[in-house]
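One structure is given below, encoded as structure tokens.
Both backbone and side-chain heavy atoms feed into the values below; hydrogens, waters and symmetry mates do not. Naming: A, B, ... by sequence-line order, numbering from 1 per chain.
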Amino acid sequence: MTFDNQYVVQRIDKANALRAAGIDPYANHSQRNTTIQKFHNVNSDLFNLEDKRDEHRHYTIAGRIMLYRLMGKASFLKIEDESGMLQIYVARDNLPENFYNDVFKKLIEVGDIIEVSGYPFVTQQGELSLHVDTLKILTKAISPLPEKFHGIQDKELRYRQRYLDLIMNSQVRKTFQIRSQVISLTRRFFEDKGFLEVETPMMHPIAGGANAKPFVTHHNALGIDRFLRIAPELYLKRLIVGGFEAVFEINRNFRNEGMDATHNPEFTSIEFYWAFKTYKDLIILTKEYFEYLFDHLNLPKRLPHGDIEIDFDCFTEIELIESLTVIGGVPADVVNNKEKILDYLRAQKLEAKVTLNLGQLQGELFDEFVEAKLINPTFITHYPVEISPLARRNDARPELTDRFELFIAGREIANAFSELNDPLDQLERFEGQMAAKDSGDDEAHEMDEDFVTALSYGMAPTAGQGIGIDRLVMMLTNQHSIRDVLLFPAMKPLNPNQQGEEE
RNA sequence: GUCCCGUUAGCUCAGCCGGUAGAGCAUUUCACUUUUAAUGAAGGGGUCGAUGGUUCGAAUCCAUCACGGGACACCA
């Protein structure tokens, strides 16, 4: 790469001029002794003083110059550190001889990271500021920042150069702070419940635990392909077989599918498995989990999400088949009859594959008529067995499973069920998936014989759940694209020559 | 994968009935010691996403491609 842009060249010249003046433009340490937020907190009493200043207090603060107002022999600058923004007042006569004119005015500019020392005072306009007596450059920025007022708007630039987005937009930093808190709180919530955090393989010989296309990678020494995991489910259940009674894993899954506002090739989920429990216990646990999150995040229970509002005090529960009529408005005599569902879908001018079985068609009806209407948190329970290859059958109604999914703002947030632990039933369902795969469904589950073997040693009755962390953070931060809750969302390469074109 | 929209200076954006590129901020020079997107004056800065076509002439019209955004499809 080259740094030949006119502004960059100018700034490199300034860095060299600093060196020529005996100043290292990349200092190797800082004497900072407080943060900007602490400065504001500690000195807020100055507003009540007679002369609104205290020359006996002295602070050293570091930050990036975000704004520069030069007025001859004095200047006001805004510098920003992680904790906040501070105005500093720099006047010629408070600095060493010639420093203001020769170094400060000529060689230091917006984007540079500086360290300043001085005493606190309140300006005539009523802003708590730092009266600077010492100024030192810590880091010279040789690329100019985006425009001070509009910042950086171009979404492509924001995602590709997230650091610029973070520098220019404190709200973006806030979103990712919340994301970090969510993950931290999630971990603490499950640990407090006695769950053990585990790490299972990311590279799988068989990509199992979900219906999805995997990424393929290659192990050179063994000469074999591996799949980046699409779900940790089958490994976590092996651990339940092994005797751990409550385990969770927070980590990435990888799915080789399309990208859009709710799908990134790698995404973060928590999956947890709890022995001697059922999906009903998980509904209770999930409600507790949300209570816990809202308490500790200090968020109101009613959150805006675009044009709508989500009420997190209003969790409801309804069976899938019932939701088709009650919420979806599908006639009651249609929902349990394959032919009538096909007719109904056709009547709505929707494509209906004749090859689908009843359970799959009910899933279609749900996706079409119910899902988008589930704004407040809703547990949809008792999924048909045909679309739940890993869930335990309901004792009374074996065509259904002891399963739920949680929907918020029309989106799936969590998927949970009482786990299937009958090894022979599991084997049959894998075989069913194999048949589906043979007949063209390339996202049907792979047979995992080792997993069936594990089950054959006996897995305690267990309930398991997965929660999509990215989508959860979207709900909590009022973001509508998964890219806005991922620090570095997947992007196509800018220069197609960088990535080999096989064709 | 389909459709729609976008891509112009470092950034934010105008310009688009075809006549060879503009503003604000930033930058450079000058003035200015309490400003709040500071202000005033002067200057520099562009392969108008890429390639091809139409035309005397293309940022502007057409085609293809790339990247991004949105919708749909697919997908839990």
Side-chain angles (χ1 to χ4, degrees), chain A residues 3 5-11 13-14 52-53 66-78 85 87-95 100 105-106 109-111 121-127 129 131 141-161 164-165 167-168 209-213 230-231 253 255-265 267 269 350-351 363 366-367 371 380 383 387-390 403 405-407 411-416 441-443 466-468 471 480-481 483-484 489 491-499 501:
Chain A
F3 287 106
N5 174 278
Q6 58 170 323
Y7 304 106
V8 174
V9 170
Q10 271 174 18
R11 283 169 169 259
D13 288 345
K14 289 181 184 181
K52 297 191 188 301
R53 62 182 56 214
M66 300 303 291
L67 215 57
Y68 192 157
R69 285 190 280 270
L70 189 150
M71 292 163 304
K73 300 177 186 64
S75 303
F76 286 94
L77 286 73
K78 293 261 168 111
M85 186 94 80
Q87 176 166 273
I88 64 173
Y89 175 73
V90 182
R92 185 191 66 183
D93 299 340
N94 301 321
L95 293 172
Y100 185 86
K105 271 169 70 173
K106 286 203 166 70
E109 58 205 311
V110 170
F121 77 113
V122 177
T123 64
Q124 289 174 7
Q125 305 296 319
E127 182 164 346
S129 308
H131 199 283
I142 62 166
S143 285
L145 287 183
E147 195 237 359
K148 62 186 175 189
F149 187 60
H150 297 93
I152 183 164
Q153 301 293 330
D154 186 313
K155 289 204 171 198
E156 184 169 359
L157 283 180
R158 289 183 48 213
Y159 299 145
R160 288 191 195 276
Q161 295 181 275
L164 284 181
D165 194 24
I167 289 171
M168 299 308 295
N211 293 327
K213 290 179 199 152
I230 55 175
N253 295 310
R255 297 190 181 175
N256 203 343
E257 292 163 354
M259 292 152 59
D260 60 31
T262 55
H263 296 82
N264 195 66
F267 62 98
S269 68
L350 294 166
E351 206 173 314
F366 177 81
D367 291 346
E371 183 170 0
I380 298 292
Y383 278 64
I387 54 175
S388 309
L390 297 163
R403 173 185 178 191
E405 287 195 357
L406 174 62
F407 290 86
R411 297 226 175 81
E412 178 203 346
I413 291 292
N415 181 19
D441 180 357
D442 60 357
E443 279 161 10
I467 300 174
R471 292 184 188 176
H480 298 102
S481 171
R483 298 178 201 101
D484 290 318
M491 301 290 278
K492 290 191 193 178
L494 273 181
N495 178 359
N497 298 326
Q498 280 173 359
Q499 298 282 315
E501 295 296 304

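Comparing U34(B), G70(B), U12(B) by their closest approach to the side chain of D154(A) singles out U12(B). Checking C32(B), G68(B), G10(B) against every side-chain atom of K73(A), the shortest atom distance belongs to C32(B). The side chain of Q125(A) lies closest to U35(B), out of U35(B), U34(B), G69(B). Side-chain proximity of E257(A) to U35(B), C75(B), C74(B): nearest is C75(B). Residue K492(A) places its side chain closer to G68(B) than to any other of G70(B), G68(B), U34(B). When each of U34(B), U12(B), G10(B) is scored by its nearest atom to the side-chain atoms of I152(A), the top-ranked nucleotide is U12(B). When distances are taken from the side chain of P146(A) to each of G68(B), C74(B), C11(B), the shortest belongs to C11(B). Nearest nucleotide to the R53(A) side chain, out of U36(B), G69(B), U34(B): U34(B).
Using modelled atom types, one finds a donor on one side chain and an acceptor on the other under 3.5 Å when comparing Y159(A) with D484(A).
For F121(A), the ring-ring contact (aromatic ring centres under 6.0 Å, His included) criterion is met by Y89(A), H131(A), not counting sequence neighbours. Annotation: salt bridge (Lys or Arg N to Asp or Glu O under 4.0 Å) contacts of K14(A) (sequence neighbours excluded): E109(A). In this view, V8(A) and F3(A), N5(A), I12(A), I142(A), S143(A), P144(A) satisfy the side-chain contact (heavy atoms from CB on, under 4.5 Å) rule, not counting sequence neighbours. In this view, R92(A) satisfies the salt bridge (Lys or Arg N to Asp or Glu O under 4.0 Å) rule with no residue, not counting sequence neighbours. Every ring-ring contact (aromatic ring centres under 6.0 Å, His included) that H480(A) has, sequence neighbours left out, goes to H305(A). In this structure E257(A) satisfies the salt bridge (Lys or Arg N to Asp or Glu O under 4.0 Å) test with no other residue, sequence neighbours excluded. Y383(A) meets the ring-ring contact (aromatic ring centres under 6.0 Å, His included) test with no other residue; sequence neighbours excluded.
No side-chain donor-acceptor contact under 3.5 Å links Q161(A) to the backbone of L164(A).
G57(B) and G18(B) have their P atoms separated by 15 Å, given to the nearest Å. Comparing the C1' positions of C62(B) and C17(B) gives an interatomic distance of 16 Å, to the nearest angstrom. Atom name C1', nucleotides G24(B) and G15(B): the rounded distance is 15 Å, in whole Å. Separation of the C1' atoms belonging to A21(B) and U47(B) is 14 Å when rounded to the nearest angstrom. Comparing A59(B) with C16(B), their P atoms are spaced 14 Å from each other, to the whole Å. The gap from the C1' atom of G52(B) to that of A9(B) amounts to 27 Å, rounded to the nearest Å. Comparing C32(B) with G49(B), their P atoms are spaced 43 Å from each other, to the whole Å. Atom name P, nucleotides C65(B) and G22(B): the rounded distance is 34 Å, in whole Å.
Between K78(A) and E127(A), at least one side-chain nitrogen of the basic residue sits less than 4.0 Å from a carboxylate oxygen of the acidic one, meeting the salt-bridge criterion.
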Close N or O pairs between protein and nucleotides 24-26 of chain B (under 3.5 Å):
from: C25(B); atom 1: O3'; to: K148(A); atom 2: NZ; distance (Å): 3.4
from: A26(B); atom 1: OP1; to: K148(A); atom 2: NZ; distance (Å): 2.8

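Straight-line distance from the CZ atom of R160(A) to the P atom of G10(B): 18 Å, rounded to whole Å. A straight line from CE of M85(A) to C1' of U36(B) spans 11 Å, rounded to a whole angstrom. Atom NZ of K106(A) is separated from atom P of U28(B) by 11 Å (rounded to the nearest Å). The nearest whole Å value for the distance from the CG atom in D367(A) to the C1' atom in A73(B) is 13 Å.
Counting atom types as modelled, E127(A) pairs no side-chain N or O with a base atom of U35(B) as donor and acceptor under 3.5 Å. With hydrogens and angles left out, the side chain of S129(A) and the base of U34(B) share no donor-acceptor pair within 3.5 Å.
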Given Watson-Crick and G-U pairs under 3.5 Å, RNA chain B in dot-bracket ([ ] crossing, | other strand) is (((((((..((((.....[..)))).(((((.......))))).....(((((..]....))))))))))))....

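M168(A) comes within 4.0 angstrom of nothing in the nucleic acid, heavy atoms only. Within 4.0 Å of Q10(A), counting heavy atoms only, lie sugar-phosphate atoms of the nucleic acid but no base atom. Nucleic acid contact class of F366(A) (heavy atoms, under 4.0 Å, all strands): none. Residue contacts shown for Y159(A) are limited to sugar-phosphate atoms, with no base heavy atom under 4.0 Å away. Nucleic acid contact class of N5(A) (heavy atoms, under 4.0 Å, all strands): sugar-phosphate only. Nucleic acid contact class of G151(A) (heavy atoms, under 4.0 Å, all strands): sugar-phosphate only.
For K14(A), a side-chain nitrogen or oxygen approaches OP1 or OP2 of U28(B) to under 4.0 Å. Look at R255(A) and you won't find any side-chain N or O under 4.0 angstrom from OP1 or OP2 of C75(B). Look at R158(A) and you won't find any side-chain N or O under 4.0 angstrom from OP1 or OP2 of G68(B).
Toward the 5' end of RNA chain B, the nearer of the two residues Q153(A) and M259(A), judged by each one's closest nucleotide, is Q153(A). Each of A261(A) and E371(A) was assigned the nucleotide of RNA chain B with the nearest heavy atom; the assignment lying further toward the 5' end belongs to A261(A).
Going from atom CG of N415(A) over to atom CG of L390(A) covers 9.5 Å, rounded to the nearest 0.5 Å. Between the CD1 atom of I413(A) and the CD1 atom of I467(A) there is a distance of 9.0 Å, given to the nearest 0.5 Å.
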